[in-house]
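Note that the structure is a prediction, hence the values are computed from the model and not measured.
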Amino acid sequence: MLDALNVGHGAVALGIGMLVGLERERKKGRNEDHAAAGLRTFAITALLGYVSMLLAGAVLVAVSSLGLVLMLCMHYRRHADKDPEVTSEIALLLVLTLGALSLHEPELAAAVGVVLTVLLALRRELHHFVLQQLSEEELRDGLMLSTVALVVLPLTP
């Protein structure tokens, strides 16, 4: 059950958790009031997803996800007045899922983990782009193009 392939896939899960955790730890370091999950929490959560999938499959991953959601709800309820954002909590849930995915699809899990980390790291730049650079007309045109490309085009023969 525990061969070199599984250990390698477990390393991918750990790497995903550590990568996202490093980014969250840097954000936490700048904002001391926010007690968001950091490096260790994200790494452990990714390993939890991986080990759950390894031991019992999707059922244990679902139970782990439910437990994590309940813990995150309790944390959010306790700290909602300090920080109303839920980005870290959603990222933590995604890291659990990516840890589970890394058992069978480590390349996909790693790619999604990198994209997640980039999105988290570019928060300020993305907000600046949307609020300062993008006009209402450009936004409307982009939505129209997306609608045509993703909805209308697949429906045409």
Side-chain angles (χ1 to χ4, degrees), residues 5 8-28 30-31 34 36-38 41-43 45-54 56-77 79-80 83-157:
L5 184 64
H9 292 186
V12 169
L14 181 61
I16 291 167
M18 291 182 77
L19 182 65
V20 177
L22 281 171
E23 194 285 327
R24 293 283 86 186
E25 190 76 36
R26 288 179 52 83
K27 180 183 184 282
K28 184 171 75 170
R30 289 192 303 257
N31 185 3
H34 182 52
T41 305
F42 276 93
T45 303
L47 285 176
L48 173 65
Y50 174 76
V51 170
S52 297
M53 190 66 157
L54 183 67
V59 174
L60 188 54
V61 173
V63 170
S64 299
S65 297
L66 182 61
L68 179 62
V69 166
L70 290 174
M71 287 188 335
L72 292 175
C73 286
M74 290 178 1
H75 178 269
Y76 182 74
R77 185 174 177 201
H79 298 286
D83 184 20
E85 292 186 16
V86 294
T87 306
S88 290
E89 289 82 356
I90 293 171
L92 195 62
L93 189 58
L94 181 57
V95 164
L96 178 89
T97 306
L98 292 176
L101 180 64
S102 67
L103 179 65
H104 298 296
E105 298 287 340
E107 297 86 3
L108 177 61
V112 173
V114 169
V115 170
L116 171 63
T117 305
V118 168
L119 286 173
L120 292 171
L122 295 179
R123 175 187 186 269
R124 182 173 287 124
E125 291 82 358
L126 290 172
H127 283 210
H128 175 74
F129 173 74
V130 170
L131 298 174
Q132 305 293 325
Q133 302 293 322
L134 195 62
S135 71
E136 288 290 325
E137 185 177 321
E138 292 169 333
L139 178 62
R140 225 179 3 264
D141 292 344
L143 289 173
M144 183 66 73
L145 177 64
S146 298
T147 302
V148 169
L150 299 174
V151 177
V152 176
L153 258 147
L155 296 175
T156 58

Worksheet item: Atom CG of Leu98 and atom CG of Leu108: how far apart are they, to the nearest 0.5 Å?
Response: 8.0 Å

Worksheet item: So, for Ser102 and Val12, which heavy atoms are closest and what is the spacing to 0.1 Å?
Response: CB-CG1, 4.1 Å

Discussion item. Please list all pairs meeting side chain to side chain donor-acceptor pair (under 3.5 Å) that have one or both residues in residues 107-120, counting only residues at least two apart or in different chains.
Written reply: none

Worksheet item: Does the side chain of Val69 reach to within under 4.5 Å of the side chain of Cys73, using non-hydrogen atoms?
Response: yes

Worksheet item: Looking at Thr41, Val95, Thr87, which one forms a side-chain contact (heavy atoms from CB on, under 4.5 Å) with Arg24?
Response: Thr87

Fill in: CG-CG distance between Leu150 and Leu155, expressed to the nearest 0.5 angstrom
11.0 Å

Discussion item. Between Leu19 and Glu23, is there a side-chain heavy-atom distance shorter than 4.5 Å?
Written reply: no

Response to the item:
Looking only at heavy atoms, the pair that brings Gly38 and Glu25 closest together is CA-OE1, 3.1 Å

Practice prompt. Could you note down all residue pairs passing side chain to side chain donor-acceptor pair (under 3.5 Å) where residues 57-73 supplies at least one of them, sequence neighbours left out?
Written response: Ser52-Ser64

Worksheet entry | From CG (Leu126) to CG (Leu134), nearest 0.5 Å | 11.5 Å

Discussion item. How close do Tyr50 and Ala13 get, counting heavy atoms only, and between which atoms?
Written reply: CB-CB, 3.8 Å

Worksheet, complete the sentence: Minimal heavy-atom distance between Leu96 and Val61, with the atoms involved, is CD2-O, 4.3 Å

Practice prompt. Provide the closest heavy-atom pair for Ala91 versus Leu120 in the form atom of the first, atom of the second, distance.
Written response: CB-CD1, 4.1 Å

Discussion item. Walk me through whether Asp141 and Glu137 qualify under side-chain contact (heavy atoms from CB on, under 4.5 Å).
Written reply: CA-CA 6 Å; Asp141 292 344; Glu137 185 177 321; 3.9 Å; yes

Fill in: Gap separating the CG atom of Leu54 from the CG atom of Leu103, nearest 0.5 angstrom
5.5 Å

Discussion item. Looking at Glu138, I'd like to know if its CD atom is crowded, meaning that more than 12 non-hydrogen atoms belonging to other residues, nucleotides or ligands lie closer than 6.0 Å.
Written reply: yes

Worksheet, complete the sentence: In this structure, CD of Glu105 is separated from NE2 of His9 (nearest 0.5 Å) by 9.0 Å

Discussion item. A quick test of your reading: do over 12 heavy atoms of other residues, nucleotides or ligands sit less than 6.0 Å from CD of Glu136?
Written reply: no

Practice prompt. State the CG-CE distance between Leu139 and Met144, to the nearest 0.5 angstrom.
Written response: 11.5 Å

